[in-house]
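First comes the structure, then the notes that go with it.
Residue numbers begin at 1 in each chain, while the letters A, B, ... track the order of the sequences. Predicted model only: the values in this text are computed from it and were never measured.
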Amino acid sequence: MFINAAAPRDPNLEKFRMEVREFCQTEIGPEMRRILDLGQHLPKDMHDGWLKALGRKGWLTGHWAKEHGGLGWTPEESAIFRDETDGAAAPWLAPFGVTMVGPVIYTFGTPEQKARHLPGIRKNDVWWCQGYSEPGSGSDLASLKTRAVRDGDDYVVNGQKIWTTLAHWADWIFCLVRTDPDAPKKQQGISFLLIDMKTPGITVRPLITLDLGHHLNEVFFEDVRVPAENLIGEENKGWDYAKFLLAHERVGVAEIGKFGRYLAQLRKLLGETREGGRPLSEDPGFRRRLAELEMNLSTLKAMHADALAQGTPGLISAAALKIRGSELQQAILQTMTDVLGRHGLAYQADALMAGWNGELVGPEESAGILAEHLHRRAATIYGGSSEIQRNIIAKGALGL
Amino acid sequence: MFINAAAPRDPNLEKFRMEVREFCQTEIGPEMRRILDLGQHLPKDMHDGWLKALGRKGWLTGHWAKEHGGLGWTPEESAIFRDETDGAAAPWLAPFGVTMVGPVIYTFGTPEQKARHLPGIRKNDVWWCQGYSEPGSGSDLASLKTRAVRDGDDYVVNGQKIWTTLAHWADWIFCLVRTDPDAPKKQQGISFLLIDMKTPGITVRPLITLDLGHHLNEVFFEDVRVPAENLIGEENKGWDYAKFLLAHERVGVAEIGKFGRYLAQLRKLLGETREGGRPLSEDPGFRRRLAELEMNLSTLKAMHADALAQGTPGLISAAALKIRGSELQQAILQTMTDVLGRHGLAYQADALMAGWNGELVGPEESAGILAEHLHRRAATIYGGSSEIQRNIIAKGALGL
Amino acid sequence: MPAFSSEERQLLHDSATEYFADRYGPERALALTRDDGPDGFGRAEWKSYAELGWLGLMLPEDAGGSEGGLTEAAILFAAAGAELAAEPLIPCLVLGAGAVTGLGTEAQQAALEGVAEGEKILGFLHYEPGSGFARDHVETIARPTADGYALTGDKAFSAGAHAADLLVVSARIGGPDGPVGLFLVPGDAGGLHRVPAPALDGRRGAAATLDGVAVSADALLGGTTDDRLAAIDRLLDRAALAVCADMLGAMTKASEITTDYLKTREQFGQKLSSFQVLQHRLVDMRICCEESRAAIHAALTAQDENAPDAAIAAWRAKAETARAARFVGGQGVQLHGGMGMTDDLGIGHYYKRLSVNEALFGDAAWHIDRLAAREDARAAQPAAPEMAGA
Amino acid sequence: MPAFSSEERQLLHDSATEYFADRYGPERALALTRDDGPDGFGRAEWKSYAELGWLGLMLPEDAGGSEGGLTEAAILFAAAGAELAAEPLIPCLVLGAGAVTGLGTEAQQAALEGVAEGEKILGFLHYEPGSGFARDHVETIARPTADGYALTGDKAFSAGAHAADLLVVSARIGGPDGPVGLFLVPGDAGGLHRVPAPALDGRRGAAATLDGVAVSADALLGGTTDDRLAAIDRLLDRAALAVCADMLGAMTKASEITTDYLKTREQFGQKLSSFQVLQHRLVDMRICCEESRAAIHAALTAQDENAPDAAIAAWRAKAETARAARFVGGQGVQLHGGMGMTDDLGIGHYYKRLSVNEALFGDAAWHIDRLAAREDARAAQPAAPEMAGA
């Protein structure tokens with residue numbers, strides 16, 4: 001259909017929205033609030049405290065079915081939860097446990113695996129990270145080389161992962177490893193392993209990014225012995241589980257709830273930055289850009305709502321949301337950077353350490369905004385680059 | 001070098017510029033002036049009269065070497081001539097004789113061919129058209145199928161050409177034809193033939209374009225007998241001559257001199273069109289667009305001047321000029337169209353006939369501008385599309 | 001509460017799509033718009049629309065209508081746009097009939113008689129040579145006379161106005177500073193001079209000169225001397241949104257045509273559709289359609305629910321859709337290569353349709369300026385509450 | 001008449017390119033900018049520049065210079081930008097020394113002593129926290145005292161200011177409505193408080209507070225109380241153009257690095273450079289470089305010939321180059337994929353250099369606004385003469 005039929009609105013959802021909003025306001029104390037507002041690096045204990053608070057409410061895994069210990073949220077409820085927590089600039093809902101490995105475990109895991117791992121994910125007692133990418137693989141994930149060789153009751157793992165977000169905090173990692181190097185297709189012969197990060201032979205090396213922050217890591221495996229009971233599903237079928245999981249990631253990546261917050265921050269910055277003595281919020285060019293960014297966000301939200309209304313979003317919707325969402329994210333951050341250009345683009349990365357009290361140059365939000373700008377240059381790269389997304393639509397939806 | 005060394009300026013050139021400018025002002029009478037200003041279709045006799053006037057001055061082929069009857073202009077002089085005639089919106093300098101087949105004939109032709117054809121080109125006594133493209137060939141020119149079979153002293157030509165500009169006015173056509181269908185590469189086995197349009201078996205069919213104008217044609221050849229003396233150079237070597245000629249076309253296509261005139265027209269239109277009772281020339285958005293278009297034009301001119309200063313422009317320069325020139329041309333015409341949107345975009349194609357005196361809706365230049373807009377959608381397609389130009393740079397200059 | 005259920009909307013979409021796909025398309029559009037007659041569209045088609053109940057979609061029950069919302073009408077317009085239908089559906093149904101339905105007294109509702117049946121076509125004359133896209137600039141004067149008004153002024157080119165039996169015309173009541181009213185003016189009124197012309201895409205319309213056109217007192221819609229600028233603004237927002245639906249149909253179709261063309265056309269021994277650059281271009285065209293679809297859907301819902309942000313949603317939809325249309329139309333021609341430049345192929349006609357639609361009732365830049373002007377108002381407010389509410 | 005012949009320019013380019021390619025590059029830049037010391041650039045490098053005659057390129061002969069134009073300096077800046085040189089060449093040579101050369105009395109030219117030899121670094125403090133990119137907004141006051149002036153006010157972050165031995169500082173003479181003058185202020189003057197910080201790309205600078213900084217009467221450049229806003233505007237235009245040269249070097253190099261990377265990196269069993277979409281992206285990066293090169297060349301020539309449109313040419317060059325830089329820098333990172341995000345690879349440092357350069361002395365949008373403001377003036381004139389002259 002050219003024109004969508006309108007989805008009816010559920011008034012109960014507004015109540016839930018208010019509940020989440022209030023929770024965010026109450027649970028994020030002033031100290032954490034200030035760190036978040038400045039875009040500083042949040043210490044692990046604070047981040048953990050927040051996630052555990054969500055875990056106690058059951059909200060961390062609200063989108064899980066009740067049989068797995070979730071609350072069985074509808075897609076709309078999940079969206080509201082994301083929207084509100086993002087909009088409150090709440091700490092990042094690290095997806096590795098709750099939307100990645102958790103669903104894989106409850107879908108494909110053994111009863112023992114479920115019993116062992118799901119409670120820790122629901123309560124955030126265990127931090128997870130994702131071991132997919134490798135130095136040579138880039139967008140071609142299936143070309144991964146990390147080897148796992150069966151030896152008695154163990155797999156012996158050798159190889160290297162890269163771009164491993166939060167590996168330096170993680171207790172466990174879920175990995176794609178090659179168990180059959182002779183399989184006829186590279187997508188075959190891959191297995192899905194859960195690995196305790198404390199296992200001997202694992203080395204985590206920080207990977208510093210453009211913003212000079214430490215979010216990512218390289219993870220090296222040298223004769224790491226992993227009990228075979230940590231294999232998910234069948235050996236050599238790991239690619240199927242990975243595909244299941246990638247589909248999950250693609251919709252989540254848009255982070256739309258954050259964008260409204262960015263725009264509020266931009267508006268504030270425009271009001272507080274002067275050009276020729278007048279606030280930039282009076283500048284016609286910036287007003288027009290702000291109006292366009294708001295328009296783009298409103299369209300993105302409409303696309304998102306329409307995609308949710310479809311149940312499982314189609315291939316085009318998911319890819320289009322990823323492409324446009326990441327573009328918009330970068331456009332807003334670029335606009336903020338253009339405002340900060342008025343202050344000479346000083347970048348005091350030290351100011352991102354909570355409690356820093358050096359002498360500031362420019363607005364106090366500068367460092368946080370510029371760090372986010374640099375960090376989100378990756379938004380059009382990670383989770384399937386914009387180019388890969390277009391390939392996906394071309395092949396999958398247009399039959400090219 | 002990152003920064004070009006400045007080319008010295010020749011003060012004599014300004015004298016020549018003034019001479020051309022004055023000539024245009026004198027020779028273009030009020031009746032022709034009005035037709036040109038309105039963008040109406042110029043009748044053939046007027047067009048011919050102008051070209052003959054240039055021919056008498058020797059200017060039509062001023063860029064030819066003196067040995068071929070030209071004036072031996074430098075590239076700078078040629079550019080000034082183009083610039084001034086384009087800037088005066090003088091009638092189109094149809095390139096088919098003077099910059100296409102003429103140079104091919106004086107470079108590769110026999111003494112008899114030169115004696116027979118060059119004078120008519122220099123004086124515009126003979127109108128030429130170009131028979132290259134075919135219905136199935138598109139950007140892949142070398143895939144042409146029109147056959148020429150040697151039969152005694154003649155070639156017998158069968159096939160079809162398309163996009164043949166001015167074929168309905170032309171006395172002669174120069175054609176690429178396939179003389180050896182069994183050649184190992186499609187670029188081989190092609191020959192370059194000169195054909196008298198009055199030869200029996202030739203049919204010209206108008207090809208109406210989006211602007212509803214008749215500029216283009218299809219030309220059908222049915223057992224057309226062409227004397228073998230009209231073959232240029234060697235049989236089966238036509239592709240070499242075509243490549244020689246294509247290099248010529250690519251630089252000429254930018255028509256930069258015209259763009260300044262467009263911008264003056266846009267400025268006039270903005271001054272005369274009101275929104276909310278105020279002239280659009282006061283609108284900040286249009287002022288900014290105008291400033292950007294002028295900036296782009298100034299950059300394009302600088303690129304052009306730098307390319308000329310190099311002597312033969314490099315591959316990148318030529319392709320970049322074509323890409324950016326055609327983009328800018330479309331951008332200016334689109335901006336004018338956006339102004340005309342204020343008048344409801346009425347399009348009275350009949351008003352393009354010189355002498356039309358129906359009742360006008362909207363500004364009198366509307367039809368001319370909109371026709372040009374539609375017509376120049378082809379600017380990014382003809383002479384090697386923007387996509388093809390990028391392929392050329394990728395392969396030829398970046399080694400990809 | 002929509003008058004139509006989702007299922008009814010689906011049925012409407014299906015029947016409209018089927019009708020236009022079977023009985024319309026670029027060739028039919030060309031035949032109609034280039035016809036020497038005065039209409040430039042299909043009277044027979046118009047009759048069919050009536051028979052199918054489409055002309056009454058948004059009309060009140062009393063006028064033989066089914067009281068649908070703009071969403072229902074948009075479903076029809078999108079299907080019509082997809083096949084380049086040349087009939088003046090939007091000027092008649094959204095503007096002309098919309099004005100009467102919304103502002104007319106009970107007695108004036110009689111003007112709607114015959115619309116649903118296809119016997120009467122309404123038109124709308126508001127923009128003027130000096131107005132540009134501005135909606136509050138009216139120089140036409142309605143001078144009070146003994147038994148009504150005499151209208152004098154110039155109206156700019158307006159799609160469908162050439163064929164309207166009854167025109168809704170804006171004019172300032174009394175003099176240059178008077179309130180703006182909307183008047184019912186018969187197409188054959190004395191002193192009304194229409195100059196018909198085709199638009200860039202061939203659809204016809206007319207500019208008009210009114211030279212003391214006499215109308216009776218009850219020709220003034222609503223029968224009062226209230227200023228109608230706000231109502232006109234709302235009507236034009238609805239018309240702009242209706243045009244978005246037409247564009248959505250046209251650009252979706254243009255994308256499909258182009259995709260299909262590249263799948264069949266070969267160059268350098270390969271299908272054009274195998275070139276990655278062209279594939280991604282097609283993808284971007286498709287994404288543009290999806291974005292527009294979402295923005296239009298949101299704006300239609302806001303309109304039909306009478307939401308407080310309905311106007312802003314319409315502006316955004318028009319700006320997004322007009323931009324998308326520029327890209328899709330332009331690339332449609334570009335990817336067809338030389339063939340795209342010919343009058344014979346459909347794609348060029350989609351390009352022209354989209355170009356006209358872009359401009360109708362305000363283009364993208366103009367709508368963004370409106371949104372930015374709203375920023376002006378917000379900029380005056382302190383930023384902090386925004387933060388908290390975001 | 002340029003002081004340097006084309007051959008001399010070529011030699012300058014060759015030696016500068018060779019120097020920076022051999023002895024600089026991202027790694028060296030990183031080592032210098034992240035050094036714990038107060039400089040964040042290379043004192044040894046600065047000494048080499050002096051030895052190679054580069055610091056005196058634009059200086060008068062009396063100051064040991066070779067009296068070259070901005071074009072010669074730009075050749076140097078481009079080579080320096082290509083290898084991410086961290087030294088404050090532009091603030092020192094174009095702004096600091098440029099101000100003294102252009103405005104200083106014969107006696108004040110003594111301030112240039114030691115610059116060519118690399119013994120003295122000049123800085124420039126003009127922008128303020130309330131000025132943004134506007135060049136005429138000065139709140140700093142130079143209050144006349146018995147034997148000179150006392151300067152009080154805040155200056156915004158300025159590249160190179162942290163290490164300047166002598167600063168050229170703008171202030172209003174007498175009071176808030178006084179004319180703007182430029183003052184020579186020693187880096188160690190009492191009451192001058194500098195807050196050093198790195199810019200986004202690591203190059204350092206400082207914001208400053210002046211709290212009654214006492215200078216003698218002859219610290220006022222030119223020794224008069226003339227308003228220097230126009231002169232400052234010209235200086236900043238030249239600095240903006242100098243930054244364009246730096247950007248041109250950096251973006252040309254960023255394009256090359258990216259092209260080379262795609263030629264080696266494989267994915268899906270193919271070299272990345274074989275994907276048409278990526279090929280065209282590289283081509284567009286290259287075209288951006290060519291466009292900038294042409295615009296910069298035209299502006300430099302206009303500057304060195306003192307052409308009437310020299311200012312406009314500089315604005316255009318900055319706007320075009322800043323836009324090009326945004327595209328080239330952004331795509332450079334994008335095409336490197338995840339690798340482009342790492343601090344280890346060079347491309348990210350080019351991205352950051354280009355981002356800072358974009359903003360320096362006014363970004364693209366700000367310069368286009370200046371050009372549009374010029375349109376305002378033109379719009380007031382009748383259009384017809386334009387037509388004839390076009």
**OP:** Go through Ala346(B), Gly285(B), Ser133(B), Gly344(B) and name the one with the most non-hydrogen pairs under 4.5 angstrom from chain C.
**Re:** Ala346(B)

**OP:** Could you look at Arg281(C) and say if it's the side chain, the backbone, both or neither that has a heavy atom under 4.5 Å from chain B?
**Re:** side chain

Subject >> chain C contact via Leu141(B) - side chain, backbone, both or neither, heavy atoms under 4.5 Å >> reply: neither

Original post:
NE2/His343(B) to CD/Glu128(C) distance, rounded to the nearest 0.5 angstrom?
Top reply: 13.0 Å

Original post:
Between Glu387(B) and Leu278(C), is there a donor-acceptor pair closer than 3.5 Å when you use the side chain of the first and the backbone of the second?
Top reply: no

Original post:
Rounded to the nearest 0.5 Å, what separation is found between the CD atom of Glu266(C) and the OG atom of Ser143(B)?
Top reply: 10.0 Å

Original post:
Most heavy-atom pairs under 4.5 angstrom with chain B, which of Pro198(C), Gly202(C), Ala156(C)?
Top reply: Pro198(C)

**OP:** Return yes when atom CD of Glu272(B) has more than 12 non-hydrogen atoms of other residues, nucleotides or ligands closer than 6.0 Å, and no otherwise.
**Re:** yes

Original post:
Picking from Arg377(B), Arg390(B), His375(B), which has the most non-hydrogen pairs under 4.5 angstrom with chain C?
Top reply: Arg377(B)

**OP:** Identify which of Gly136(B), Ser366(B), Pro279(B), Gly277(B) forms the greatest number of heavy-atom pairs closer than 4.5 Å to chain C.
**Re:** Gly277(B)

Original post:
Tell me, side chain or backbone of Arg326(C) under 4.5 Å from chain B's heavy atoms, or both, or neither?
Top reply: side chain

Original post:
Is it the side chain or the backbone of Leu374(B) that comes within 4.5 Å of chain C heavy atoms, both, or neither?
Top reply: both

Original post:
Passes side-chain contact (heavy atoms from CB on, under 4.5 Å), Leu212(B) versus Asp343(C)? Steps please.
Top reply: CA-CA 7 Å; Leu212(B) 311 183; Asp343(C) 189 52; 3.7 Å; yes

Subject >> Region of Pro135(B) that comes under 4.5 Å of a non-hydrogen atom in chain C >> reply: backbone

Original post:
To the nearest 0.5 Å, how far apart are NE2 in His336(C) and CD1 in Ile381(B)?
Top reply: 10.0 Å

Original post:
Between Thr337(B), Val361(B), Asp350(B), which shows the greatest number of heavy-atom pairs under 4.5 Å with chain C?
Top reply: Val361(B)

**OP:** Could you tell me which of Val339(B), Thr273(B), Asp338(B) has the largest number of non-hydrogen atom pairs under 4.5 Å with chain C?
**Re:** Asp338(B)

Original post:
What are the two closest non-hydrogen atoms of Gln334(C) and Ser385(B), and how far apart are they?
Top reply: NE2-CB, 4.2 Å

Original post:
Of the listed residues (Ala197(C), Ala359(C), Gly348(C), Gly338(C)), which shares the most heavy-atom pairs with chain B below a 4.5 Å separation?
Top reply: Gly338(C)

**OP:** Kindly say whether Phe268(C) contributes a backbone atom to a donor-acceptor pair with the side chain of Asp140(B) at under 3.5 angstrom?
**Re:** yes

**OP:** Mind running side-chain contact (heavy atoms from CB on, under 4.5 Å) on Arg278(B) and His137(C) for me, showing each step along the way?
**Re:** CA-CA 10 Å; Arg278(B) 316 269 311 159; His137(C) 184 85; over 6 Å; no

**OP:** Measure the CG-CG distance between Asp344(C) and Leu207(B) for me, rounded to the nearest 0.5 Å.
**Re:** 6.5 Å

Original post:
Given the options Gly362(B), Ser137(B), Ala367(B), which has more heavy-atom pairs under 4.5 Å with chain C than any of the others?
Top reply: Ser137(B)

Original post:
Picking from Ala159(C), Gly130(C), Ala134(C), which has the most non-hydrogen pairs under 4.5 angstrom with chain B?
Top reply: Gly130(C)

**OP:** Test salt bridge (Lys or Arg N to Asp or Glu O under 4.0 Å) on Lys352(C) and Asp211(B) and set out the steps.
**Re:** CA-CA 10 Å; Lys352(C) 293 196 270 189; Asp211(B) 57 326; over 6 Å; no

Subject >> Contacting region of Phe275(C) [heavy-atom separation from chain B under 4.5 Å] >> reply: neither

Original post:
With a 4.5 angstrom heavy-atom cut-off, which part of Arg203(C) approaches chain B: side chain, backbone, both or neither?
Top reply: neither

Original post:
So how far is it from Asp369(C) CG to Asp283(B) CG, rounded to the nearest 0.5 Å?
Top reply: 6.0 Å

Original post:
If you round to the nearest 0.5 Å, how far is CE of Met341(C) from OG1 of Thr209(B)?
Top reply: 5.5 Å

Subject >> Residues Glu275(B) and Ser131(C): side-chain donor-acceptor under 3.5 angstrom >> reply: no

